[in-house]
Amino acid sequence: MLKIENLSATVGEGEAAKTIINGLSLKVPAGEVHAIMGPNGAGKSTLSYVLTGREGYEVTGGGATLDGADILAMDPEERAAAGLFLSFQYPVEIPGVPVMTFVRTAMNAQRKKRGEPEISAPDYLKKSRDVAKMLNLDADMLKRPVNVGFSGGEKKRLEIYQMMMLEPRFMVLDETDSGLDIDALRTVADGVNALRAPERGMLVITHYQRLLDHIKPDKVHVLAKGRIIKTGGPELAHRLEKEGYDGVLAEAV
Amino acid sequence: MSIALKDLIRNPSVAELELVARYAALKADPRRERLFEAFALTGLPHRRNEEWRWSDFKAAVGALEASATPPAQDPLASDGVATLKLTPQGYVAPVSLPPGLRLLPKDDVQAMSGAEDAPLGALAAALSGAKNAPATLMAEVTGETPVRLHMVFSGPGAINAARIVFLVRPGAELQVSESHLGGAAFSTALIEYTLQPGARLDRVVYQRGGKGEAQAITALIHQEADAETKQTVLAFGARVSRIETRLVHHETGSRATLNAAYLAGDGYHVDFTSHVRHGARACVTRQVTKGAVVDGGRGVFQGKFHVPRNTGQQTDASMQHNALLLEDGAEVFAKPELEILADDVQCAHGNTSGQLDAAQLFYLRQRGIPLVQARALLTEAFIAQALEEAGVHDEALRAQAQAWLSEV
Amino acid sequence: MMDCCGGIEEHDDDCADVKVKEGIDAKTVEAAKRLESENYSAGFITDIEMDMAPIGLSEDTVRFISAKKNEPEWLLEWRLEAYRRWLTMEEPSWARVHYPKIDFQAYYYYAAPKAGAKYKSIDDVPREILEAYEKLGIPLREAEVLLGVEGAADTAAAAREKPRVAVDAVFDSVSVATTFREELKKAGVIFMSISEAVHEHPELVKKYLGSVVPTSDNFYATLNSAVFSDGSFVYIPKGVRCPMELSTYFRMNAENTGQFERTLIIADEAAYVSYLEGCTAPMRDENQLHAAVVELVALDDAEIKYSTVQNWWPGDEEGKGGIFNFVTKRGDCRGARSKISWTQVETGSAVTWKYPSCILRGDDSVGEFYSIAVTNGRQQADTGTKMIHLGKRTRSRIISKGISAGKSDNTYRGLVSIHKKAEGARNFTQCDSLLIGDRCGAHTVPYIENRRADAQLEHEATTTKLSEDQLFYVRQRGIAEEQAVALLVNGFVREVLQELPMEFAVEAQKLLEVSLEGSVG
């Protein structure tokens, strides 16, 4: 499904460019959930931005494919239409654009690109109601501008709402647990788990183990200095929690 | 006419000489003479006049010939609302006016204080009112039910000068929409509103002039105790255009919301100028202006809050101007100004100009919305924020903005 | 020194209900207490014999000044041309300042201590002048005397744990002494009075003088070009980081004099210099005129940091006397990646008219303006900056803090202009005004011109009074009202104080407290 090979990327321009991803390789087969853990500054968020095509990040080597398609050559919206979804660590506020308008526009744009018909208004509303109910989202919230005046927890729930509405094939969750209390964490995790399916893959980026209690990963990778330095099962996350990054990092060198 | 009048304008242009001639042809009246003198101090304002540095009327108004541009369509026209048409020849009022509205054509009316600070407003007043010129209209608004009125300023002619004076009685409410559609080579309108205690004014202005036209719209708004104004303007500009609002809070509890959006295309110029005087304790002003400009267009925003000594205590005033330069070659000039002489105040202004926020654009694209569509969506939402208070006209104004944005 | 600035370093204040302004602590209050009686401590008059030009201004005055300085012919011509142009110019009237019409014929345009313009050694400087500077806390003599012994300066300076500062002192019209010259020379740095530089480095002076502020620039700058008396000249050669802070101290002493100094600083490629300027004048009933010109040139990769603490006599409470301060300061970021940073603390002068500016010509160049302007009594200040973005990816930052008290008026006036070729330019501006009392005024007049779609400009301004809640909170903790005000004001200006070199920050902090005395109650 997602295949990253020897990927290197820099942030910044010209002389100020800094290599953040440095020869990273990773495979997430369809149906699996992989976690990426790492200390601050390891390059976790950079990886999510490089995969989704944010400006200001330059790929200097290697590649990444989703079901064999070279995603790095695509525009951000093409990657989204190809099924790649990023749940942002810091969701962006968009004044003046109501959630409903936004998500429906996105959904139809993606469908159009894939040659599918637009969703009808009643179908959309029904789906939206179901998803909102599951995530405990107030219907009123969906009429408000995207993320404007939302609390940290509301923003994260809205990310999951969008994810469930758009039904992507591959999801990158960037620190989705930050800013959530225990109840909100469970709601969010339920939403994510509901999307687990044999044809979907998922990359969960997190600093702490606690999210992985709710979203059980098949594999855990440790990211440091821009590359994967260790891979293991869910037990690796527990070890990191207990021993801290220092011990594991030292061992890997 | 006093003999020195002609000499008052320094190095007069052809158009200025013609304005002097037109004024001279009117019946003399000391009230209008004072106003013409106020105009003559600057003449047609130009970039060396500090308040007009980015909006040069003198350069833009050549000879006063009839404009070749037909007036724009009026999106605010609606059924069931009394419509008042103002043209270079005079005005057309409906036979039956809504209850609570009385129209009184007058030869000459003393202009409100403040007219002399707006040279083109003063000119409008100096050129209207006499027998052989468009009359000055006075309108009195009374009653318990809101009065709705739509005014259209347009029509072919060399010069279109109009002046209307509204007196909104205590507790009365006026919902007025104004369409300034051009059609004349040079037009200037002066609209005066006095809001007596507890009166309300909802003012929606739509301006769209031709590429070869010069257009000035000056509003003077005087507010007494607990009066409230909500103003929304959507402007597309002209070769040069100025939309100026001079508002005075005279008594405590007066409130004003002044919102505006401008969209300046290639060859168009839009100038928003506002001057708000907090002449009484505890008055509130909220101002939001949004603009989008393309290559060859120019947007100007000049906002000023003036808080006088003693009387302006407990002023609460904020001003925001945000502009998008959609293409290189666009120009946005801003001067958000505060003049504060009282200490117990909360005053703030913010000004931004540039392009759409990169983080927002990326967010939309990550959800699969193509770049062009994402830009349009964000720009529309950006402009729409200034139109939210337009009440029943919100949709019509948004549609106009959308249509313009989809073309650029 | 460090103690007084402690408050600048540690500030985190998470007081539950009422937030105390950042950056202030009890030591600040103590400092304020100590200064309570000082008021304008620089207001003494030094009694020495002066050599003056005849009163008034004419071509002869210009020739007199030029002759006194034994100037080359080209410079005399340059001055005369400026003078003739000045005659055709009108005094600007757009600033929000009001003052009686200046009679330019009632001033002396040249005043120098009799003993001779420049002294061979510091021992020749009249005792009165040295004493005058000592009263101001300028360690002229001390430093130079110590320098007499090789290496002694380092030890002495280290012992005092003070950053070393090379000082050029200008007394009325002439530079009287420059310290640390030898040491600077070793580093290749030229630091001398501009009169000397005219003779010793004519090629540099000729190349750069008037290249940033042309003789035709504005009324006061043109006047300065005609009659400038002295000032400092600095040249930092390629790749040199100036080993110490450079400083000029301006002292206006003689009666009815105008001071027209001219400063020229050139940082060659990849050079760095931090330059400090301080000003004082005695208390006199008449208005004294100060019309300086400062020109900065930064070539590729060079950086100039220019800091001013201006404490000219502001006049008495009724507005009598005080300095008219009409100054043109401009920096030219001529080279790519160059940087010019202006920091100013303006507490003095009766009338201030001053807009230190940056021309961001070089690609990727950076301009900064950090300002604190305090007005009290009947002072009027109209000050701000201009950031002219010409080069690609140029960036500018403006932080202005205005504090008005008494019956004063304080105006921020600024221009940010993005030109057509300034691809990707950025500006951030923050203008905050604080009002203390209801007889003063605070005004903000920014001009923002954008001609690039890919530029990003952000401007924010606020005007507020000193918060009653904060004031009460501080007083409830036992701090007297006046000190409480000082505390809060220090918090308000903290962002700018941080930009000053340590020594100046302390001085500035004291000045703020003194300037605001008597502003409440």
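Throughout, protein chains are lettered first and strands after them, A, B, ... in sequence-line order, and every chain is numbered starting at 1. Bear in mind the structure is a predicted one, so any value in this text is a computation, not a measurement.
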Item to complete: May I ask you to check whether over 12 heavy atoms, not counting those of B:Arg255, lie within 6.0 Å of atom CZ?
Response: no

Worksheet, complete the sentence: Among residues 447-462 of chain C, those lying within the under-4.5 Å heavy-atom range of chain B are C:Tyr447, C:Ile448, C:Glu449, C:Asn450, C:Arg451, C:Arg452, C:Ala453, C:Asp454, C:Ala455, C:Gln456, C:Leu457, C:Glu458, C:His459, C:Glu460, C:Ala461, C:Thr462

Worksheet item: Could you name the residues of residues 336-347 of chain B that have a heavy atom within less than 4.5 Å of a heavy atom in chain C?
Response: B:Pro336, B:Glu337, B:Leu338, B:Glu339, B:Ile340, B:Leu341, B:Ala342, B:Asp343, B:Asp344, B:Val345, B:Gln346, B:Cys347

Worksheet item: Within a reach of under 6.0 Å around CZ of B:Arg375, are more than 12 heavy atoms found that belong to other residues, nucleotides or ligands?
Response: no

Discussion item. Using a 4.5 Å heavy-atom cutoff, which residues in residues 43-56 of chain B come close to chain C?
Written reply: B:Glu50, B:Arg53, B:Trp54

Fill in: B:Lys211 atom NZ: more than 12 heavy-atom contacts under 6.0 Å
yes

Worksheet item: Between NZ of B:Lys304 and OG1 of C:Thr444, what distance do you get to the nearest 0.5 Å?
Response: 11.0 Å

Worksheet item: Side chain, backbone, both or neither: which part of C:Asp409 has a heavy atom under 4.5 Å from chain B?
Response: side chain

Worksheet item: What part of C:Arg439 is in contact with chain B, defined as an atom under 4.5 angstrom from a non-hydrogen atom: side chain, backbone, both or neither?
Response: both

Worksheet item: Around C:Arg426, counting heavy atoms of other residues, nucleotides and ligands shown, do more than 12 lie under 6.0 Å from its CZ?
Response: yes

Discussion item. side-chain contact (heavy atoms from CB on, under 4.5 Å), that's the test. Do B:Glu331 and C:Lys420 meet it? Break it down for me.
Written reply: CA-CA 9 Å; B:Glu331 294 180 324; C:Lys420 280 204 157 66; 3.7 Å; yes

Fill in: Separation of B:Arg309 CZ from C:Lys407 NZ (nearest 0.5 Å)
9.5 Å

Worksheet entry | Whether over 12 other heavy atoms sit under 6.0 Å from B:Lys58 NZ | yes

Practice prompt. Select all residues of residues 351-362 of chain B having any heavy atom within less than 4.5 Å of some heavy atom of chain C, and report them by number, or 'none'.
Written response: B:Asn351, B:Thr352, B:Ser353, B:Gly354, B:Gln355, B:Leu356

Worksheet item: Given the options B:Gly350, B:Ala348, B:Ala334, which has more heavy-atom pairs under 4.5 Å with chain C than any of the others?
Response: B:Ala334

Worksheet entry | Under 4.5 Å from a heavy atom of chain C, the part of B:Gln302 involved | neither

